Amino acid sequence: MPETYTPPETYTPIAFVLVYLLILFALSWVYRKREGQDGFIIGNRKISFFGTTLSQLVSLTDGTGLVITVMLGIMFGYGMLYALLGVVAGTLLIALFAKRIRRLAGERHYVTISDFLKDRIGPKTEYITALLIIFATLLAVAGQLHISGKIMAELIGTPEAFGIILTSAVVAAYLWLGGYMTVIITDIFQGVIILLFCLCSFYLFVPPSFEDVTQQVSAINNDVGWGFCLFIAAVCFTYFSTWERIFSAKTEKVAAQASYTNILLNLILYWAIFNLGISLHRLFPNIEADQIVYELFSNSEIFPSFGAGLGVISLALVMSSLDSRAYTISTNFISNILKIDHETKRDRFIMLQRYITVAIFLILTLVALFIPDFIQFMINATSICGFFLFIFLTSLLYTPKNKAFFDLLTMLAIGAGILFWGYMFFAGLFEGFMPNMYPVFLVGVLMGGVVLCDRFKKEKEG
């Protein structure tokens with residue numbers, strides 16, 4: 001990590017960042033006064049259509065998506081339209097189940113996805129999935145801190161370490177102030193910023209010829225194209241924060257409407273990010289693909305206000321999912337590992353929520369400072385989310401005949417997937433996108449076997 005840095009040539013980016021942070025804190029303070037301690041509980045928050053829609057949008061888009069999607073746009077151009085198929089498939093899948101998910105959450109008062117899996121499958125599955133969610137999300141938060149800190153440092157002209165520490169302190173502080181409602185309200189604000197990003201990206205847009213598009217699509221390697229398509233579809237459907245937003249929607253109808261609206265919004269957003277990568281490649285042909293996002297708002301050749309504004313938008317893209325993930329970690333740990341009920345032990349639940357959230361940022365700030373390869377680190381962390389693709393589908397579509405037996409076999413199937421993922425990770429077999437789906441496919445095959453065993457056992461007993 002460099003010990004020296006170049007001060008900003010203009011203070012416009014610092015002004016933009018300060019305004020952005022002040023608005024975040026103002027929103028946190030206002031809703032802290034309005035909601036009180038109720039703002040710290042996820043379930044049945046009765047969030048409006050507008051709030052649910054924008055909160056789903058920003059919770060799904062993170063620093064990994066920003067950097068990797070821009071990078072792939074640079075490397076493969078319009079060949080990465082494959083990824084848009086994945087976005088549509090993943091968001092459509094969750095929209096199809098949104099009403100059912102919200103109805104179950106309303107009846108059972110779910111706080112976490114692990115609560116949902118406990119209800120649908122059993123306590124063993126609840127425990128192993130809670131641990132897996134915490135592990136995957138801890139890695140993701142560390143990566144998010146790394147990239148958001150780097151963006152912050154580029155904008156205000158400070159060392160990277162200071163940017164990481166500042167970002168961590170800001171998010172921890174406004175979560176301490178307002179809890180889950182702060183996440184929702186700041187998501188709405190950041191969602192508006194992200195929609196502005198989609199408009200800003202057309203400032204750089206150069207319409208391609210049909211021949212360019214077809215050539216680039218046909219030239220892409222299937223491992224990259226279909227691999228990323230399946231990868232992003234699995235992540236879009238299983239993303240933990242998206243399910244939490246459905247839990248907190250006002251009604252089943254609102255949950256469904258917001259989810260269907262997000263199919264279009266995510267399609268527009270990812271198209272804008274790809275377009276940004278393609279356009280930046282024209283502006284900076286000699287810069288490394290994984291560095292070009294930062295170059296956009298640190299290069300003096302770009303008009304300062306435009307570069308600073310787009311830099312703050314990039315920061316919003318990252319921070320909007322950072323707070324959601326921190327909340328996912330703390331709620332899973334308290335509710336599903338410590339087994340503290342949010343209704344009967346409300347005060348203790350909220351107190352632990354606050355202190356654990358702060359502890360998460362303290363610890364992961366240190367991790368974020370020493371991440372060697374951000375891109376591969378985040379792809380591996382995000383791929384763990386895919387484990388839940390067939391677990392979620394099974395829990396939504398199938399009712400176990402013998403719940404204890406089904407619960408045990410599901411736990412073993414997830415355990416086998418974890419061992420296989422670990423083997424691939426330590427053997428260095430995760431090059432490209434398609435290999436990231438191999439553990440997901442394994443869990444899918446095993447879950448099919450679990451369903452068959454459950455049905456066979458029921459028939460034999462009957």
Side-chain angles (χ1 to χ4, degrees), residues 21 24-47 51 55 59 105-106 108-119 123 126-127 129-138 140-142 144-145 165-187 240-241 243-245 247-248 319-368:
L21 296 181
L24 288 182
F25 275 107
L27 290 171
S28 303
W29 183 260
V30 168
Y31 277 87
R32 175 179 182 267
K33 293 292 186 181
R34 181 177 298 183
E35 292 284 327
Q37 288 193 331
D38 286 342
F40 283 83
I41 305 300
I42 290 178
N44 297 302
R45 294 299 311 153
K46 300 192 181 303
I47 307 301
S55 191
S59 68
R108 308 287 186 171
H109 303 285
Y110 300 145
V111 173
T112 67
I113 295 175
S114 301
D115 292 341
F116 166 77
L117 293 175
K118 177 185 179 181
D119 181 50
E126 172 205 16
Y127 193 78
T129 54
L131 290 175
L132 191 58
I133 287 170
I134 290 169
F135 174 70
T137 313
L138 281 170
V141 170
Q144 294 292 93
L145 281 174
I165 293 168
L166 177 61
T167 303
S168 180
V170 166
V171 179
Y174 76 67
L175 281 177
W176 176 279
L177 283 174
Y180 183 69
M181 278 307 295
T182 295
V183 175
I184 297 293
I185 298 305
T186 54
D187 276 355
F240 314 131
S241 297
W243 281 61
E244 289 170 359
R245 299 307 184 271
F247 291 171
S248 62
M319 289 180 64
S320 61
S321 59
L322 183 57
D323 52 14
S324 304
R325 286 173 164 172
Y327 225 82
T328 296
I329 296 168
S330 59
T331 50
N332 272 272
F333 183 72
I334 297 167
S335 182
N336 304 108
I337 303 300
L338 298 181
K339 302 291 185 181
I340 296 174
D341 184 71
H342 70 282
E343 293 182 325
T344 60
K345 299 180 179 178
R346 195 180 191 84
D347 290 341
R348 188 181 179 196
F349 187 99
I350 292 168
M351 179 195 70
L352 284 172
Q353 184 104 61
R354 280 178 153 163
Y355 284 110
I356 289 173
T357 300
V358 172
I360 288 167
F361 282 104
L362 285 173
I363 295 168
L364 294 183
T365 297
L366 297 175
V367 178

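What's counted below: heavy atoms across the whole structure, side chains too, no hydrogens, waters or symmetry copies. Count residues from 1 along the sequence. None of these values were measured; they are calculated from a predicted model.
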So, for [X] and [Y], which heavy atoms are closest and what is the spacing to 0.1 Å?
X: Ile133; Y: Ser114; result: CD1-OG, 3.8 Å
X: Val141; Y: Ala326; result: CG2-N, 4.0 Å
X: Ile337; Y: Tyr127; result: CD1-CE1, 3.7 Å
X: Phe349; Y: Asp341; result: CD1-C, 4.3 Å
X: Ala105; Y: Phe247; result: CB-CD2, 3.6 Å

Separation of [Y] [atom2] from [X] [atom1] (nearest 0.5 Å):
X: Thr137; Y: Phe333; atom1: OG1; atom2: CZ; result: 14.0 Å
X: Leu366; Y: Ile165; atom1: CG; atom2: CD1; result: 8.5 Å
X: Asn332; Y: Thr112; atom1: CG; atom2: OG1; result: 4.5 Å
X: Thr331; Y: Leu352; atom1: OG1; atom2: CG; result: 12.5 Å
X: Thr328; Y: Trp243; atom1: OG1; atom2: CH2; result: 13.5 Å

(request) May I have the step-by-step check of side chain to side chain contact (heavy atoms under 4.5 Å, CB included) for Tyr355 and Ser330, ending in yes or no? (result) CA-CA 9 Å; Tyr355 284 110; Ser330 59; over 6 Å; no
(message) Using a 6.0 Å cut-off, check whether atom NZ of Lys345 has over 12 heavy atoms from anything other than its own residue.
(response) no
(message) Which residue is it: Asp119, Leu117, Asn336, Leu131? I am looking for the one with a side chain to side chain contact (heavy atoms under 4.5 Å, CB included) to Glu126.
(response) Asn336
(message) Out of the candidates Thr357, Leu364, Val358, only one should pair with Phe361 under the side chain to side chain contact (heavy atoms under 4.5 Å, CB included) rule; please name it.
(response) Thr357
(request) Output, in order, the C-alpha distance, side-chain angles, deciding distance and verdict of side chain to side chain contact (heavy atoms under 4.5 Å, CB included) for Leu138 and Ile329. (result) CA-CA 7 Å; Leu138 281 170; Ile329 296 168; 3.7 Å; yes
(request) Before giving the answer on side chain to side chain contact (heavy atoms under 4.5 Å, CB included), spell out for Arg245 and Ile47 the whole-Å C-alpha distance, their side-chain angles and the decisive distance to 0.1 Å. (result) CA-CA 8 Å; Arg245 299 307 184 271; Ile47 307 301; over 6 Å; no
